[in-house]
Number of protein chains: 2
Amino acid sequence: MGRKINTMEEFASVSGISRPTLSKFFNDAQSVKKSTRLKIEQAIEKYDYRPNFYAMNQNRRKTKNIGLVVPNLTDPFFAGIARKLEELIVLSGYNPLLLSSHGGPELEVANLDSLRSIKPAGVLLAPLGRASNVKKLKDFSQLVPTVLFDANVDGVGEAFFGSDNHQSIGLMVDYLARTGEPPKFFEMKDPINPNAYKRRAAYISAMEKLGLEPELLQVNGDGWNFEEIGFTSGRQIFQNSTHRRATILCSNDRLAIGLMSAAYESGLKVGHGAEFDLRIAGHDDHPFSRYTCPSLTTISQDYDAIGERSVSEMLKIIDGANGITERTEKLFEGRLVMRSSA
Amino acid sequence: MGRKINTMEEFASVSGISRPTLSKFFNDAQSVKKSTRLKIEQAIEKYDYRPNFYAMNQNRRKTKNIGLVVPNLTDPFFAGIARKLEELIVLSGYNPLLLSSHGGPELEVANLDSLRSIKPAGVLLAPLGRASNVKKLKDFSQLVPTVLFDANVDGVGEAFFGSDNHQSIGLMVDYLARTGEPPKFFEMKDPINPNAYKRRAAYISAMEKLGLEPELLQVNGDGWNFEEIGFTSGRQIFQNSTHRRATILCSNDRLAIGLMSAAYESGLKVGHGAEFDLRIAGHDDHPFSRYTCPSLTTISQDYDAIGERSVSEMLKIIDGANGITERTEKLFEGRLVMRSSA
DNA sequence: CCTTTAGATTTACACGCGTAAATAAATTAT
DNA sequence: ATAATTTATTTACGCGTGTAAATCTAAAGG
């Protein structure tokens with residue numbers, strides 16, 4: 001086995017491959033002939049060599065790092081997406097760098113800042129939305145290729161992929177109206193997420209299309225602790241008996257989870273059918289929505305599609321002989337998940 | 001404002017500070033005199049300079065990076081801990097690098113591998129536990145300072161900080177036995193998490209201490225989808241009516257969440273008091289356990305203490321003039337959180 | 001005031017790899 | 001087989017910083 005190989009120079013001499021060729025290989029394994037590739041791979045196996053990460057990236061025109069910024073990793077929804085994206089990035093031969101903004105715009109900016117110093121090939125960003133420091137985001141996206149997902153911010157990044165809230169909320173309203181009381185819409189008065197505004201608008205338009213009167217249940221509260229907000233304001237709402245026998249569509253599953261908890265405490269039975277007091281539905285198909293009591297009827301976002309499209313677009317931009325292209329935007333349709341709560 | 005400053009050399013000439021001094025400053029701001037520190041900080045502000053990350057780390061004996069590896073970021077419990085630790089690491093002047101093993105031992109090894117190439121000052125590792133490739137972990141921990149948290153693996157790392165399962169489960173068993181039917185213990189037959197074994201043993205010993213007969217409800221299933229396992233095996237259990245009017249202590253909250261969902265579907269009312277069919281308790285104070293229906297009685301681990309201690313021990317090791325010290329282990333006590341389910 | 005000393009500067013080299021240009025070797029096409 | 005083409009090698013320099021040693025400067029102490 002011999003001594004430990006520490007530099008590419010040493011590795012070149014023991015493997016019998018010249019250093020520049022090795023350098024090419026480590027930048028892109030496909031760029032060398034198959035026979036030499038195999039020889040190199042065997043030598044790597046044998047000597048357990050890997051190039052110095054820092055020296056390697058110092059003079060590269062483009063690193064192989066892709067930043068991945070989500071608004072809040074504590075939210076299992078984003079954790080799931082992040083996982084999916086990480087997987088796709090690794091499969092493409094890049095290495096992901098996961099950062100969470102923990103709900104704070106300062107941290108979002110700080111994350112982009114620390115990413116800048118890492119000179120990433122590109123960044124996949126799910127922005128905080130309304131809370132975001134738009135100017136800083138825009139500045140950043142001019143310096144490094146940026147693709148937005150989940151939430152859109154006008155003029156930031158070269159592409160956006162997200163869910164078609166209009167379609168999905170329309171679908172849900174339609175379903176709820178066909179199967180019982182038409183839904184009221186439960187949301188925060190000043191939501192942080194731009195999707196929330198789209199969903200509100202989609203709800204109103206869907207109701208009007210059906211000739212029904214929209215009714216918004218707007219509650220106070222800020223921050224990202226949606227369950228708590230749903231719970232506390234739900235308790236207040238349910239003291240008022242006018243909302244019994246109602247159908248409530250929540251702007252997202254986390255609000256719905258809090259609301260269901262409040263309904264339970266208020267002695268209201270949630271579910272669809274004659275023997276229940278209340279129907280509650282959500283949006284996002286949160287990992288836990290399957291296990292609420294009762295299980296939550298919701299909308300599943302097509303995050304496989306969003307993830308794949310985001311990453312493939314990113315790679316296209318990185319390889320980019322494209323020059324100045326239009327900012328692409330695409331919305332993917334959601335799927336109705338009928339469970340017990342509505 | 002002038003042109004953009006790109007190198008430390010340029011920054012040295014415009015700031016009037018010599019390059020070696022700047023280098024010292026960027027390595028440790030406290031290592032230069034206060035007056036020069038202020039001058040440098042003003043210049044940084046003015047010229048928006050920051051050193052090249054890669055060039056900077058290439059020749060440093062120790063980088064300022066600390067790896068942070070958790071078994072599964074999709075689990076909000078670990079997401080929360082990771083967040084806490086990230087915060088502490090940043091506060092200490094280091095930058096965290098968060099990696100998730102997504103429940104897989106291969107990925108755990110891969111994570112450590114990619115950390116190795118980054119030459120971190122240290123690594124905080126919550127190992128998968130039984131599934132872990134112990135040899136690789138041990139090899140790794142010999143190369144880079146490693147502190148374990150959450151789950152212990154014999155002989156790996158220079159310290160371990162976790163929860164005192166014996167104490168916490170004892171506390172819970174005591175509480176449950178005093179207030180109703182003595183608890184049965186619900187768990188996976190072959191759990192992946194080493195804590196699960198400790199909790200099982202703790203349950204048995206706590207029951208025996210009270211002169212009660214331990215009863216284990218061991219269910220099949222593997223992987224990390226605890227809610228699903230709790231749910232499907234819960235359904236089977238509740239078809240059998242012998243478990244009605246029982247008290248069930250779950251090995252962790254996620255199993256409990258699944259189990260409560262199964263109880264709900266089976267028409268069993270969970271809660272403490274005469275009018276309820278079943279009591280269910282968990283362990284961990286999972287972020288969602290507050291919002292289950294009914295809210296879940298559980299044990300809250302002292303993760304503030306665990307986090308702070310893990311990071312401070314890490315820093316001590318990094319600064320380390322310590323030489324060969326004993327492997328430190330410390331368990332922190334859990335707190336009983338009495339809610340509605342038991 | 002001089003001495004001591006912590007801290008800054010000057011100088012110079014090292015780090016491990018990227019990359020370019022010229023050349024040589026291997027492969028493929030004719 | 002020879003020419004054309006692709007791929008690898010040789011050589012050499014550059015990247016932006018860390019760091020060591022010697023020297024100089026300024027603050028602190030008496």
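Every chain is numbered from 1 and lettered A, B, ... according to where its sequence line falls, protein lines coming before strand lines.
Taking atom CG on A:N52 and atom P on C:dC15, their separation rounds to 12 Å, with Å as the unit. Between A:Y54 atom OH and D:dG16 atom C1' the separation is 15 Å, expressed in whole Å. Look at NZ on A:K62: it is 20 Å from P on D:dC15, rounded to the nearest Å. Following rounding to the nearest Å, B:R50 (CZ) and D:dG16 (P) show an atom-to-atom distance of 16 Å. Rounded to a whole Å, the CE atom of A:M8 is 15 Å from the C1' atom of D:dC15. In this structure, CD of B:E9 is placed 11 Å from P of D:dC15, rounded to the nearest angstrom. Between the CG atom of A:N57 and the C1' atom of D:dT17 there is a distance of 15 Å, given to the nearest Å. As rounded to whole Å, 8 Å separates atom C1' of D:dG16 from atom OH of B:Y49.
Among the atoms of the strands shown, base atoms are found under 4.0 Å from some heavy atom of B:R19. Backbone-only contact: A:T7 has heavy atoms under 4.0 Å from sugar-phosphate atoms and none from a base.
When ring centroids are compared, A:Y49 and A:F11 come within the 6.0 Å threshold.
Side chain of A:M56, nearest nucleotide from C:dG18, C:dT27, D:dA27: C:dG18. In the set C:dG7, D:dT7, D:dT19, the nucleotide with an atom closest to the side chain of B:R61 is D:dT19. Listed nucleotides D:dG18, C:dG7, D:dA8 differ in distance to B:R60; the shortest reach to its side chain belongs to D:dG18. Of the candidate nucleotides C:dG16, D:dT9, D:dA27, C:dG16 has the atom nearest to the side chain of A:A55. Considering only the side chain of A:T36, D:dA8 comes nearest among D:dA8, C:dA8, C:dG18. Closest to the B:N59 side chain, of the nucleotides C:dG18, D:dG16, C:dT9, is D:dG16.
Results of the side chain to side chain contact (heavy atoms under 4.5 Å, CB included) test with A:I66 over A:L97, A:N95, A:I318 single out A:I318 as the only residue that passes.
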Run A:Y303 and A:F77 through ring-ring contact (aromatic ring centres under 6.0 Å, His included) and show every step you take.
CA-CA 10 Å; A:Y303 256 98; A:F77 178 70; 5.5 Å; yes
Go through the steps for A:L125 and A:E108 under the test side chain to side chain contact (heavy atoms under 4.5 Å, CB included), then give the verdict.
CA-CA 10 Å; A:L125 170 64; A:E108 187 170 68; 4.2 Å; yes
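Mapping A:P20 and A:S35 onto DNA chain C via the closest heavy atom, the residue that lands nearer the 5' end is A:P20.
Taking 4.5 Å as the limit, every side-chain heavy atom of A:R37 sits out of range of all side-chain heavy atoms of A:I40.
Contact check, B:N27 against D:dT19: a side-chain N or O comes under 4.0 Å of OP1 or OP2. The phosphate of C:dC17 (OP1 or OP2) has no side-chain N or O of A:S23 nearer than 4.0 angstrom. OP1 or OP2 of C:dT9 sits under 4.0 Å from a side-chain N or O of B:S18.
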